[in-house]
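Note that the numbering runs from 1 along the sequence shown for the chain.
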Amino acid sequence: VVLGLIPGDIGEPAEAGSAFSCAPGSIEVKAGGVDIWGNTDSFQFTHQESKGDFDLRVRVASFGPPGAHAQAKAVLMMRESLDRGSRHISISVYPRLRIWTARHRTHKMGPTTYLSGRGRADWPKGTEFPNVWLRLKRAGNTVTTYGSVNGEAWMQIGNDYRPEVPFPDTVQVGLGTTSNGEQEPAYPMVDVRYEQFGDFIITNAVVTILQHPTNTAVSENQ
């Protein structure tokens, strides 16, 4: 267990992944794997069990090495189970492509697809590590995915996701990491440092009323 999270590989990557912590709130992950895509997955998952609604965020502080596969990624994910073909929804960052993507698998062992709407978004110009953030919010049967460059102002990536068959109340949530390189041996395992994983909480907020309600009259019981 690392900072309350359980590291483990899903899909039996050829090279076992690992996770450790050397500083408060910081988790370093080493991962191989084929991908988090298609109808099965192969990656390192540092996760926890979550019950009911949640709103989680994490900062991707570093991602290496520079020669990693272009499809290597760091992911904040909700999974129905730890099976390699599990239903899931995730928000990902691709360091070499400099994009966020939001994706889901609707059926067990089914295909993985981007969320409708803008399920793929470029980082704002000038964005660099450690200022790349991911956020995943569940409210009932609705899951929403976000990206940010400061952990305060958030851009929704893709439309809200409402599966026809609701996810169970208890799911697995955490950090997914894959090198995406096992099918191409020239590419190395990746090293990713995640920081500040936890509940998203608004602090120092100021509420401003821009338009006051107007007086109105209605009939009784309407």
Side-chain angles (χ1 to χ4, degrees), residues 2-3 5 7-11 13-37 41-47 56-79 88-103 112 114 119-136 145-155 157-158 173-198 200:
V2 181
L3 299 183
L5 302 178
D9 286 333
I10 290 179
E15 297 180 280
S18 60
F20 62 95
S21 177
C22 290
S26 177
I27 298 177
E28 302 197 33
V29 174
K30 189 175 186 67
V34 176
D35 203 353
I36 307 172
W37 187 249
D41 303 318
S42 174
F43 69 106
Q44 210 284 340
F45 192 37
T46 304
H47 64 279
L56 295 170
R57 53 92 175 98
V58 69
R59 180 161 64 123
V60 184
S62 67
F63 196 110
H69 194 284
Q71 298 292 324
K73 60 186 72 70
V75 181
L76 181 57
M77 169 182 286
M78 179 182 88
R79 293 181 73 85
H88 67 254
I89 178 170
S90 66
I91 175 69
S92 309
V93 59
Y94 289 71
R96 291 194 60 187
L97 300 180
R98 308 179 74 77
I99 60 173
W100 290 290
T101 67
R103 304 181 298 176
T112 305
Y114 292 105
R120 175 181 172 129
D122 295 332
W123 297 356
K125 186 177 180 180
T127 300
E128 300 288 349
F129 294 116
N131 297 314
V132 182
W133 293 74
L134 303 171
R135 180 179 164 201
L136 188 67
T145 51
Y146 305 87
S148 174
V149 297
N150 58 16
E152 296 181 1
W154 296 89
M155 175 174 62
I157 312 296
V173 179
L175 312 173
T177 314
T178 177
S179 69
N180 215 95
E182 287 187 4
Q183 68 273 42
E184 300 177 51
Y187 290 99
M189 297 180 75
V190 293
D191 298 287
V192 183
R193 188 171 81 254
Y194 298 93
E195 295 183 353
Q196 296 175 257
F197 173 75
F200 170 69

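For the atom pair I36 CD1 and T112 OG1, the distance stands at 9.5 Å (nearest 0.5 Å). A distance of 8.5 Å separates CZ of F200 from CZ of R57, quoted to the nearest 0.5 Å. One finds the CG atom of L76 at 8.5 Å from the CD1 atom of I91 (value rounded to the nearest 0.5 Å). Atoms OG and CG, on S179 and D191 in that order, are 10.5 Å from each other to the nearest 0.5 Å. Of the inter-residue distances, the one linking T145 atom OG1 with M155 atom CE reads 10.0 Å to the nearest 0.5 angstrom.
Taking every heavy atom of both residues into account, L136 and M78 meet most closely at CD2-N, 3.6 Å. Of all the heavy atoms in I157 and A102, the pair that sits closest is O-CB, 3.4 Å. A pairwise comparison of heavy atoms in H69 and N180 identifies CD2-O, 3.4 Å as the closest pair. E195 and A61 make their closest contact through CD-CB, 3.7 Å (heavy atoms, listed as atom of the first residue, atom of the second, distance). When all heavy atoms are compared, the tightest approach of E152 to W154 is O-CD1, 3.2 Å. Heavy-atom minimum distance, S92 versus V75: OG-CG2, 3.4 Å.
Between V190 and K73 there is no side-chain heavy-atom pair separated by less than 4.5 Å. A heavy-atom distance below 4.5 Å is found between the side chains of F45 and R79. In this structure the side chain of M77 reaches within 4.5 angstrom of the side chain of F43, judged on heavy atoms. A 4.5 Å side-chain heavy-atom check between I27 and V29 finds at least one atom pair inside the cut-off. K30 is not listed as a side-chain neighbour of Q44, based on a closest heavy-atom distance of 4.5 Å or more. Between V132 and V149, every side-chain heavy-atom pair lies at or beyond the 4.5 Å cut-off. Using a 4.5 Å heavy-atom threshold, the side chains of V93 and L134 count as touching.
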Donor-acceptor contacts, no H, no angles, side chain residues 13-26, under 3.5 Å, sequence neighbours left out:
from	atom 1	to	atom 2	distance (Å)
S21	OG	A23	O	3.0
S21	OG	S26	O	2.7

Check: residues 94-101 side-chain donor-acceptor pairs under 3.5 Å, at least two apart:
from	atom 1	to	atom 2	distance (Å)
Y94	OH	R103	NH1	3.2
R96	NH1	A68	O	2.4
R98	NH2	T127	O	2.2
R98	NH2	E128	OE2	3.3
W100	NE1	W133	O	3.3

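Using modelled atom types, one finds a donor on one side chain and an acceptor on the other under 3.5 Å when comparing S148 with N150. Checking T46 against Y194 by side-chain atom types alone, no donor-acceptor pair falls below 3.5 Å.
Taking N131 as the reference, nothing meets the side chain to side chain donor-acceptor pair (under 3.5 Å) condition, with sequence neighbours excluded.
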